[in-house]
Number of protein chains: 2
Amino acid sequence: MRQLAERLGVVPMALYKHVADKEDLLDGIIEILLADLPRPAAGARREWRGAVVASIAAMRELHPAHPWLRRVLETRTLRTPAVLGHMEHLTSLFLAGGFSADLTHHLMHLLGNRIWGFSPELFNEAPGGTAPRRSTAALPDPGDYPGILAIATDARARRPDATGCDEDFEFDFALDVILDAAERLRRARWSSPPA
Amino acid sequence: MRQLAERLGVVPMALYKHVADKEDLLDGIIEILLADLPRPAAGARREWRGAVVASIAAMRELHPAHPWLRRVLETRTLRTPAVLGHMEHLTSLFLAGGFSADLTHHLMHLLGNRIWGFSPELFNEAPGGTAPRRSTAALPDPGDYPGILAIATDARARRPDATGCDEDFEFDFALDVILDAAERLRRARWSSPPA
DNA sequence: ACCTGAACACCGTTCAAGT
DNA sequence: ACCTGAACACCGTTCAAGT
C-alpha cells in the first residue's frame, strides 16, 4: 500500500478511495491479469485433453513476467469472476469430454494449483546447499541423505550445465500423469463410492 | 515474536538470545514437531506403497492439532535435518522399491506438498458463496458457472449434511492416482528422454 | 549467560479535515 | 469526487546497556 502510493506519487490513504483494502486491490489485479486469458474450446468430445493442456499452458505463461503472481494466487480467498471463469472453463472441458461431475470434481482437486500454472517447490536447494543464513540449525551432511543425493547426482548427470530442476519438465510430467489417469478413470466409468 | 514474548512474560528482544530470527524459530518448531514422525520401513521390495502411504498419513495426522502447520511448511526455505529426513525417507522407499533415481525424482515433484500431508485448497467457497467482504468486485452469479454449479450440486447430493468438500477423500484419491501411476511407470521402466 | 529499554524502519488502516 | 495529515495499532530487529 505505502509502496504503491509512493510509486503513484500520492499519500497512502488516497488509495482507499479506489479499493476497499489490500485484499481487494490484489483481487482486482488478478481479475485484470486473467481477463485476457485464452479459453480454447475443445473441437470435439475427444479433444478435451488438448484444450485443457492449452488452457493451463496459457495460465503458466503468465508467470515469468509476474514473479509475484504465484504468491498472490496462493493467498486469494475470494472467488472473483475471472478466477471462477478459469475454473469454470476447465470444468466445462472435462464435463463436455464425458467426465461425470463427480470425477471432474476430484480431478480439479488433483490438479490443484497446477490449474494456475505452477506447482509446489520441493527441492529448490540441494542438501548441504547454499543458504547464506546464520541459523541455529547445523549444516546437514549429504552423507546422511543417500537417497536425495542419488537423485541429485542423477539429475545433474542428465543436465550437466543446469543450476536447478527443470521446472517445465516436472510440470509437464505431472500434467501428463494426471491427465493419463483422468482418461483411464473416465473410460472405466469411475465414480465415488457411496458415503 | 512480540506475541510469543508476551506469552512468555518477557520482553521481545530476549528471544534473540535463543533464535537467530523469526525464520530460525519456525524452522526449529518444525524440527521438533517432525522429530517423532514414524518412519515405517517397507518389509519387502513390493511393499513400498504401503510404507509410503503410512508415512504420508502420519504426516497428515499432525495437521488437525496444528492449524498453522500448513502455512509454516509452505514458507520454509531452509532444508533442515527433519525436513530432509522426511524427504529422504520417502525417496529411499521408492528407490528400495525398484524405482530409478530419475523416476523417483519426478514422483517426488508430482507428490509435491502432499508429502507434507496437505493439498492445495481450491473450492473452499461455493460460487456466490459466503464471503462477508465489502469488496469492489461484484457478486458472481452462479448461473454464469454452470459447470462448477453442476459439480457443487452433485457433491451436495452425495453428502447432504456436509458443509464443504471431503478433504480426506480428495487427499486419498489424489494419493491413489499418483501411486497407481507410479507403479505403472515403474513396471514400464519409464525414464526421462535425453536432454 | 541472559534480559532490558529505547529506538529504527517498517506495515495496513481509521478518522476528520481539506479542495 | 478525490486527496491530505496526523494518528493508531501493529510488525521484526539493532544496539548499547544492565545483572
Side-chain angles (χ1 to χ4, degrees), chain A residues 1-35 63 66-83 116 120-121 124-125 129-139, chain B residues 1-35 63 66-83 116 120-121 124-125 129-139:
Chain A
M1 290 292 124
R2 290 180 120 102
Q3 281 165 228
L4 173 60
E6 191 175 15
R7 219 68 94 113
L8 297 175
V10 100
V11 90
M13 296 323 304
L15 303 175
Y16 287 82
K17 270 292 135 176
H18 304 91
V19 294
D21 54 18
K22 192 183 179 182
E23 291 293 285
D24 187 36
L25 171 64
L26 293 175
D27 283 340
I29 291 171
I30 296 292
E31 286 300 291
I32 291 170
L33 192 66
L34 299 197
H63 285 85
H66 310 292
W68 45 267
L69 180 54
R70 179 206 161 112
R71 195 164 19 102
V72 173
L73 281 169
E74 273 176 326
T75 58
R76 280 327 71 207
T77 175
L78 234 183
R79 303 287 86 120
T80 51
V83 168
W116 301 118
E121 304 161 11
N124 279 4
E125 308 190 36
T130 48
R133 281 260 295 288
R134 59 325 200 318
S135 76
T136 271
L139 261 204
Chain B
M1 289 293 125
R2 290 180 118 100
Q3 282 165 226
L4 172 61
E6 192 175 14
R7 216 64 104 106
L8 296 176
V10 101
V11 90
M13 294 325 302
L15 302 175
Y16 288 82
K17 270 292 134 170
H18 304 90
V19 295
D21 54 18
K22 191 183 179 181
E23 291 292 287
D24 187 36
L25 171 63
L26 293 175
D27 283 341
I29 292 172
I30 296 291
E31 286 299 291
I32 291 171
L33 192 66
L34 298 197
H63 285 86
H66 310 293
W68 45 267
L69 180 55
R70 180 207 160 109
R71 194 165 17 104
V72 172
L73 280 170
E74 274 177 326
T75 58
R76 281 325 72 205
T77 174
L78 233 183
R79 303 286 89 117
T80 52
V83 168
W116 302 118
E121 304 161 11
N124 279 4
E125 308 190 36
T130 47
R133 282 258 296 287
R134 58 326 197 318
S135 76
T136 272
L139 261 203

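Lettering follows sequence order; numbering is per chain, from 1.
- Rounded to whole angstrom, the span from the CG atom of B:D21 across to the P atom of D:dT14 amounts to 8 Å.
- Partners of A:E31 according to the salt bridge (charged side-chain N to carboxylate O under 4.0 Å, His left out) rule, which considers only residues two or more places apart in sequence or in another chain, do not exist here.
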* Return one dot-bracket line describing DNA chain D 5' to 3' (Watson-Crick or G-U wobble pairs, both distances under 3.5 Å; ( ) same strand, [ ] crossing, | another strand, . none). => ||.|||||...|||||.|.
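- Look at A:Q3 and you'll find a side-chain N or O under 4.0 angstrom from OP1 or OP2 of C:dC11.
- Taking atom P in both D:dA9 and C:dA9, one finds a spacing of 23 Å when rounded to whole Å.
- With sequence neighbours left out, A:H18 forms a ring-ring contact (aromatic ring centres under 6.0 Å, His included) with no residue at all.
- Note: OH (B:Y16) to P (D:dC11) measures 12 Å, nearest angstrom.
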Between N or O atoms, less than 3.5 Å apart, protein on one side and nucleotides 2-6 of chain D on the other: list the pairs.
unit_1 : atom_1 : unit_2 : atom_2 : d
D:dT4  : OP2    : A:V11  : N      : 3.1

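- Summarising the geometry, the separation between CG on A:L25 and P on C:dC11 is reported as 15 Å, rounded to the nearest angstrom.
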* Going through the distances and angles, do A:E6 and A:R2 end up as a salt bridge (charged side-chain N to carboxylate O under 4.0 Å, His left out)? -> CA-CA 6 Å; A:E6 191 175 15; A:R2 290 180 120 102; over 6 Å; no
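- The side chain to side chain contact (heavy atoms under 4.5 Å, CB included) check on B:L33 picks up B:L62, B:H66, B:W68, B:L69, with sequence neighbours excluded.
- Between B:M1 atom CE and D:dC11 atom P there is a gap of 11 Å when expressed in whole angstrom units.
- Computed from coordinates, the B:L4 CG to D:dG12 P distance equals 10 Å when rounded to whole Å.
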